[in-house]
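For reference, the structure is listed below as structure tokens.
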Amino acid sequence: MPELPEVETVRRGLERLLLGQTIVRVEIREPRLRRPLAPDFAGLLTGRTIEQIKRRGKYLHFGLDNQQVWLVHLGMTGQLIVDEPAAALLPHDHILVFLQNARRLRYHDPRRFGLMLIGEEQDLSACTGLGVEPLSRDFNVRYLWAKTQATQRTIKDLLMNQRVVAGIGNIYANEILFRARVRPTWMSATLSLDAVTRIVKATKVVLREAIRYRGSSISDYRDGEGNPGSFQDRFYVYNREGQCCRRCHTPIRRETCGGRSAYFCPTCQC
DNA sequence: CGCACCCCCTGCCGGC
DNA sequence: TGCCGGCAGGGGGTGC
């Protein structure tokens, strides 16, 4: 579910709701996420104040007042929602964080592919090993060109490799490649410099536009206040197999690429 | 090192 | 109507 635009939308909402809040109690209802929560997870958070909320790729970083970082990855179905402690709990509400202002941060994740870690920032970033931020100047034509030349894999696989560029998943890889007019299944090393230039530009345009529309909600993505995004209404290719290309009316095709669905227009991306 | 394949887990949808 | 297989926005491990 959540890729960079969704995580950034969640971050912005939580920043407004959680900054400066002290955690008074943590209730763990299900510790078995992608990796089990640390045994002392609740103890490490209780009493801490949230001083800043950052994003790196698809990870949220909650900066705590003891210089440690609480890192959250939402996996496919994770949601962080601020609500009232009186609100009824749902199945798959795994972690409850009670705040000084009498509100509650609720972690909901049916598939439990999410991840939470607490520790020193440098240890955690070594552990995640993320590549450059796609919206930073570090993600440029020279950088991506070198990466395309150095590997024998498709361009879509390269864009989705978090060690190369952090935050792009299946939705945005497909949308970026449509706008760059590059077919997802092409081998990255065969691309022209012009095509790589278009991909870098399209990456920044698509991700910024998706953030502006508060991300994409296919089924269960919600931001920190429980609201869906609307970028799914602006997809050109993702989830549109058989529907007409918005640019040329050719039916959109789907092929499996690296085990995941690749969507493209056979006319625009040729 | 890359990569094909499998796993993790639940929910939903379409076909039979 | 109900069951079953396939698929889903995430990542990681293994064996070749």
Side-chain angles (χ1 to χ4, degrees), chain A residues 1-11 29-37 55-60 71-80 90-95 107-117 124-131 134 146-178 184-185 187-189 206-207 210-211 213-223 228-242 254-263:
Chain A
M1 171 271 292
E3 304 180 33
L4 185 149
E6 292 76 32
V7 177
E8 178 61 23
T9 302
V10 170
R11 187 197 70 77
R29 308 177 78 238
E30 173 55 85
R32 295 174 301 165
L33 303 187
R34 191 168 91 215
R35 280 154 60 174
L37 290 181
R55 179 195 55 74
R56 179 83 172 83
K58 302 173 191 172
Y59 287 85
L60 288 166
L71 185 145
V72 179
H73 191 292
L74 300 172
M76 292 273 261
T77 54
Q79 298 177 12
L80 275 176
L90 302 168
H92 313 301
D93 283 340
H94 303 315
I95 298 162
Y107 180 68
H108 175 89
D109 185 3
R111 291 178 74 177
R112 288 191 275 121
F113 287 173
L115 179 68
M116 291 196 191
L117 299 171
L124 297 178
S125 44
C127 164
T128 55
L130 296 179
K147 296 296 185 186
T148 61
Q149 299 305 296
T151 187
Q152 194 64 31
R153 55 200 312 185
T154 66
I155 181 59
K156 179 165 171 292
D157 280 353
L158 187 68
L159 280 185
M160 291 176 63
N161 184 342
Q162 304 302 303
R163 293 176 177 275
V164 173
V165 52
I168 301 172
N170 207 30
I171 290 178
Y172 295 104
N174 280 296
E175 293 298 314
I176 288 163
L177 291 170
F178 173 82
T185 51
M187 301 304 285
S188 67
V206 168
L207 295 179
I211 292 170
Y213 287 93
R214 308 176 61 80
S216 308
S217 297
I218 302 299
S219 61
D220 51 13
Y221 158 72
R222 294 293 183 273
D223 69 17
S230 66
F231 193 71
Q232 68 280 2
D233 300 332
R234 312 184 79 80
F235 288 165
Y236 281 90
V237 288
Y238 184 80
N239 230 3
R240 296 193 69 241
E241 182 184 19
R254 180 172 72 94
E255 285 180 12
T256 297
C257 173
R260 328 258 327 245
S261 287
Y263 298 89

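Worth knowing before you read on, the calculation uses all heavy atoms, side chains too, and leaves out hydrogens, waters and symmetry mates. Just so it is clear: chains get the letters A, B, ... in the order the sequence lines come, proteins before strands, and each one is counted from 1.
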field: A:Arg214: salt bridge (charged side-chain N to carboxylate O under 4.0 Å, His left out) partners, not counting sequence neighbours
entry: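 Scan of A:Arg214 (salt bridge (charged side-chain N to carboxylate O under 4.0 Å, His left out), adjacent residues dropped) gives A:Asp223.
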With sequence neighbours left out, the residues meeting salt bridge (charged side-chain N to carboxylate O under 4.0 Å, His left out) with A:Asp93 are A:Arg106
Can you list the residues that meet the ring-ring contact (aromatic ring centres under 6.0 Å, His included) rule with [X], with sequence neighbours excluded?
X: A:His108; result: none
X: A:Tyr238; result: A:Phe235, A:Tyr263
X: A:Tyr236; result: A:Phe178

Distance between [atom1] atoms of [N] and [M] (Å, rounded):
N: B:dC5; M: C:dC7; atom1: P; answer: 14 Å
N: B:dA4; M: C:dG9; atom1: C1'; answer: 22 Å
N: C:dG5; M: B:dC6; atom1: P; answer: 16 Å

- Message: Looking at A:Arg112 and B:dC9, is any side-chain donor or acceptor paired with a base atom of the opposite kind under 3.5 Å?
- Response: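 Answer no: no donor N or O sits under 3.5 Å from an acceptor.
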Could you state the [atom1]-[atom2] distance from [X] to [N], rounded to the nearest angstrom?
X: A:Glu255; N: C:dC7; atom1: CD; atom2: P; result: 14 Å
X: A:Glu241; N: C:dG6; atom1: CD; atom2: C1'; result: 13 Å
X: A:Tyr107; N: B:dC9; atom1: OH; atom2: C1'; result: 12 Å
X: A:Arg254; N: C:dG9; atom1: CZ; atom2: P; result: 10 Å
X: A:Leu90; N: B:dT10; atom1: CG; atom2: P; result: 16 Å
X: A:Met76; N: C:dG10; atom1: CE; atom2: P; result: 6 Å
X: A:Asn174; N: C:dA8; atom1: CG; atom2: P; result: 10 Å
X: A:Asn170; N: C:dA8; atom1: CG; atom2: C1'; result: 9 Å

Check your understanding: Counting only side-chain N and O atoms of A:Ser261, is one of them less than 4.0 Å from OP1 or OP2 of C:dA8?
Key -> yes
Practice item. May I ask you to verify if any side-chain N or O of A:Tyr238 is less than 4.0 angstrom from the OP1 or OP2 atom of C:dG9? Key: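 So the side-chain polar atoms of A:Tyr238 do come within 4.0 Å of the phosphate oxygens OP1 or OP2 of C:dG9, strictly under.
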Report task. Decide yes or no for A:Ser125 and A:Leu130: does some side-chain heavy atom of the first lie under 4.5 Å from some side-chain heavy atom of the second? Result -> no
Identify each atom pair where a protein N or O and an N or O of nucleotides 11-14 of chain B are less than 3.5 Å apart, giving names and distance.
from, atom 1, to, atom 2, distance (Å)
B:dG11, OP1, A:His92, NE2, 2.8

Exercise for review: Assign A:Arg153 to base, sugar-phosphate, or nothing according to its heavy-atom contacts below 4.0 angstrom with the strands shown.
Suggested key: sugar-phosphate
Apply side-chain hydrogen bond (donor to acceptor under 3.5 Å, both in side chains) to [X] and list each qualifying residue two or more places apart in sequence or on a separate chain.
X: A:Glu255; answer: A:Arg253
X: A:Arg56; answer: A:Glu133
X: A:Arg254; answer: A:Glu241, A:Ser261
X: A:Lys58; answer: none

Checklist line | Exam field: side chain A:Gln149 to backbone A:Ala146, donor-acceptor pair closer than 3.5 Å | finding: no
Listed pairs, N/O of protein and of nucleotides 11-14 of chain C, under 3.5 Å:
from, atom 1, to, atom 2, distance (Å)
C:dG11, OP2, A:Lys58, NZ, 3.2
C:dG11, O3', A:Arg34, NH2, 3.2

Heavy-atom closest pair (A:Val165 atom, A:Pro134 atom, distance to 0.1 Å) is CG2-CB, 3.6 Å
Taking pairs as Watson-Crick (N1-N3 plus N6-O4 or O6-N4) or G-U wobble (N1-O2 and O6-N3), each distance under 3.5 Å, the stems of three or more consecutive pairs with DNA chain B are B:2-8 with C:10-16, B:10-16 with C:2-8
